[in-house]
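In what follows, a single structure is set out as structure tokens and then discussed.
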Number of protein chains: 2
Amino acid sequence: MVDVFRLLAEPSRRQLLDALRNGERSVNELVGATHMSQPSVSKQLRILRVSGMVSLRASGRQHLYSVRGRSLREASEWLSYYEHFWQEGLSRMDKALQREPKPGTRRKP
Amino acid sequence: MVDVFRLLAEPSRRQLLDALRNGERSVNELVGATHMSQPSVSKQLRILRVSGMVSLRASGRQHLYSVRGRSLREASEWLSYYEHFWQEGLSRMDKALQREPKPGTRRKP
DNA sequence: CATTTGCATATCCAATGGGATATATGTCTA
DNA sequence: TAGACATATATCCCATTGGATATGCAAATG
């Protein structure tokens with residue numbers, strides 16, 4: 001798998017993804033959303049794009065980027081193997097306050 | 001938040017966490033599970049421990065490590081904000097409607 | 001005791017990679 | 001077409017860091 005966690009390790013890249021959470025954004029908008037120079041933003045966007053984490057659509061001279069879910073899903077799936085480390089071991093009260101458990105998350109009979 | 005993704009970015013650390021998924025393990029067991037030297041394993045374990053991602057229990061001269069869910073949960077929660085990018089049932093129209101115009105996006109000064 | 005075992009720490013080294021500046025490429029507009 | 005605008009690429013710099021080797025230290029072993 002493409003090393004998703006390495007991509008997410010960089011705060012600047014997470015900032016970019018955060019700025020893309022509500023839909024596609026142009027490079028200039030992303031420069032405004034972060035505190036980076038435009039070339040740095042383009043550099044990180046390129047890394048995200050080559051890794052398949054964002055996609056690009058040209059509109060005039062603007063390049064509109066948007067999030068692609070696939071890579072992020074892989075990360076989420078990897079983490080799901082550890083869910084029981086924060087689902088179990090909680091008190092009954094804590095468990096009650098948790099969100100509804102996923103179907104496959106029951107303890108073994 | 002402790003930079004969870006930076007911790008997970010290192011494959012060797014993910015290997016260690018993988019080896020801890022079924023319960024606590026001694027350092028020697030972890031050395032066997034990875035292909036690293038013992039000092040390297042200890043080094044990465046220390047990083048994970050200081051960050052609160054694993055905990056340590058001494059048993060004789062053995063040090064038994066185990067996963068602590070809290071940090072991993074934070075990562076999972078961060079990713080949950082992107083779930084809709086890989087949830088099915090999101091039509092192209094829905095995606096187009098996600099783009100909300102930002103107030104400060106003007107064309108000319 | 002001395003020795004072995006299990007693990008931690010110290011230190012060095014080379015590679016990685018993020019950010020900035022300068023510049024190139026492409027597109028719109030007057 | 002000139003020039004402004006939007007973005008990409010090139011290049012340099014240097015702080016970070018993973019891994020190895022050598023060593024320190026505590027607990028078991030006899």
Side-chain angles (χ1 to χ4, degrees), chain A residues 2-20 23-68 71, chain B residues 2-20 23-67 71 99 101-102 104-109:
Chain A
V2 172
D3 205 335
V4 193
F5 289 111
R6 200 181 68 81
L7 293 172
L8 298 178
E10 193 58 33
S12 62
R13 286 193 286 263
R14 287 204 303 275
Q15 278 185 30
L16 291 173
L17 292 172
D18 282 335
L20 292 174
E24 58 184 12
R25 292 285 183 268
S26 72
V27 176
N28 257 346
E29 287 173 324
L30 294 173
V31 169
T34 65
H35 287 158
M36 321 170 57
S37 66
Q38 175 265 311
S40 294
V41 167
S42 285
K43 184 176 181 177
Q44 300 307 324
L45 284 174
R46 178 185 162 80
I47 293 173
L48 292 172
R49 176 169 49 84
V50 169
S51 310
M53 195 168 279
V54 301
S55 62
L56 166 59
R57 179 174 74 92
S59 170
R61 34 185 181 183
Q62 296 199 118
H63 288 193
L64 301 175
Y65 284 84
S66 51
V67 173
R68 291 186 60 76
S71 298
Chain B
V2 172
D3 206 335
V4 194
F5 290 111
R6 200 182 68 83
L7 294 173
L8 298 178
E10 194 56 33
S12 62
R13 286 194 284 263
R14 287 204 303 274
Q15 277 185 33
L16 292 173
L17 293 172
D18 283 335
L20 292 174
E24 58 185 11
R25 293 283 183 271
S26 72
V27 176
N28 257 345
E29 287 174 322
L30 294 173
V31 169
T34 65
H35 289 159
M36 319 170 57
S37 66
Q38 175 266 312
S40 294
V41 168
S42 285
K43 184 174 179 177
Q44 300 308 322
L45 284 174
R46 180 183 212 283
I47 293 173
L48 292 172
R49 176 170 48 84
V50 169
S51 311
M53 196 167 280
V54 301
S55 62
L56 165 59
R57 178 173 75 92
S59 169
R61 39 186 178 184
Q62 297 200 118
H63 287 193
L64 301 174
Y65 285 86
S66 50
V67 172
S71 297
R99 175 144 168 80
K102 289 174 66 177
T105 310
R106 79 258 171 205
R107 193 170 265 208
K108 280 183 178 176

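Naming: A, B, ... by sequence-line order, numbering from 1 per chain.
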For Val27(A), enumerate each residue passing the side chain to side chain contact (heavy atoms under 4.5 Å, CB included) test, keeping only those at least two apart in sequence or located in another chain. Val31(A), Gln38(A), Val41(A), Ser42(A), Leu45(A), His63(A), Tyr65(A)
With sequence neighbours excluded, residues passing side chain to side chain contact (heavy atoms under 4.5 Å, CB included) with Asn28(B): Ser26(B)
Residues in contact with DNA chain D, drawn from residues 57-65 of chain B - heavy-atom cutoff 4.0 Å: Gly60(B), Arg61(B)
For Ala33(A) and Ala19(A), work out which heavy atoms get closest and say how close. CB-CB, 3.8 Å
Return the set of residues passing side chain to side chain contact (heavy atoms under 4.5 Å, CB included) with Gln44(A) (not counting sequence neighbours), or none when no residue passes. Ser12(A), Arg13(A), Leu16(A), Met36(A), Ile47(A)
Pairwise N/O distances under 3.5 Å, protein to nucleotides 17-23 of chain D:
unit_1  : atom_1 : unit_2   : atom_2 : d
dT17(D) : OP1    : Arg6(B)  : NH1    : 2.6
dG18(D) : OP1    : Arg13(B) : NH2    : 3.3
dG18(D) : OP2    : Arg13(B) : NH1    : 3.4
dG18(D) : N7     : Lys43(B) : NZ     : 3.3
dG19(D) : OP2    : Ser12(B) : OG     : 3.2
dG19(D) : N7     : Lys43(B) : NZ     : 2.9
dG19(D) : O6     : Lys43(B) : NZ     : 2.8
dA20(D) : OP2    : Ser37(B) : N      : 3.4
dA20(D) : OP2    : Ser37(B) : OG     : 2.9
dA20(D) : OP2    : Ser40(B) : OG     : 2.9

Validation row: Leu30(B), Gln15(B) side chains within 4.5 angstrom (heavy atoms): no
Ignoring hydrogens, what is the shortest heavy-atom contact between Pro11(A) and Ala9(A)? Give both atom names and the distance. CD-O, 3.2 Å
Can you give me the closest heavy-atom contact between Leu64(A) and Ser59(A), atom names plus distance? CD1-CB, 3.9 Å
Atom CD of Glu29(B) to atom C1' of dT5(C): distance rounded to whole Å? 15 Å
Identify, with sequence neighbours excluded, every residue that meets salt bridge (Lys or Arg N to Asp or Glu O under 4.0 Å) alongside Glu24(B). Arg57(B)
When you measure from the side-chain N and O atoms of Arg46(A) to the phosphate of dT9(D), is any distance below 4.0 Å, counting only OP1 and OP2? yes
OP1 or OP2 of dC5(D) less than 4.0 angstrom from a side-chain nitrogen or oxygen of Asn28(A), does that happen here? no
Without decimals, in angstroms, what is the distance between Glu24(B) CD and dC7(C) C1'? 16 Å
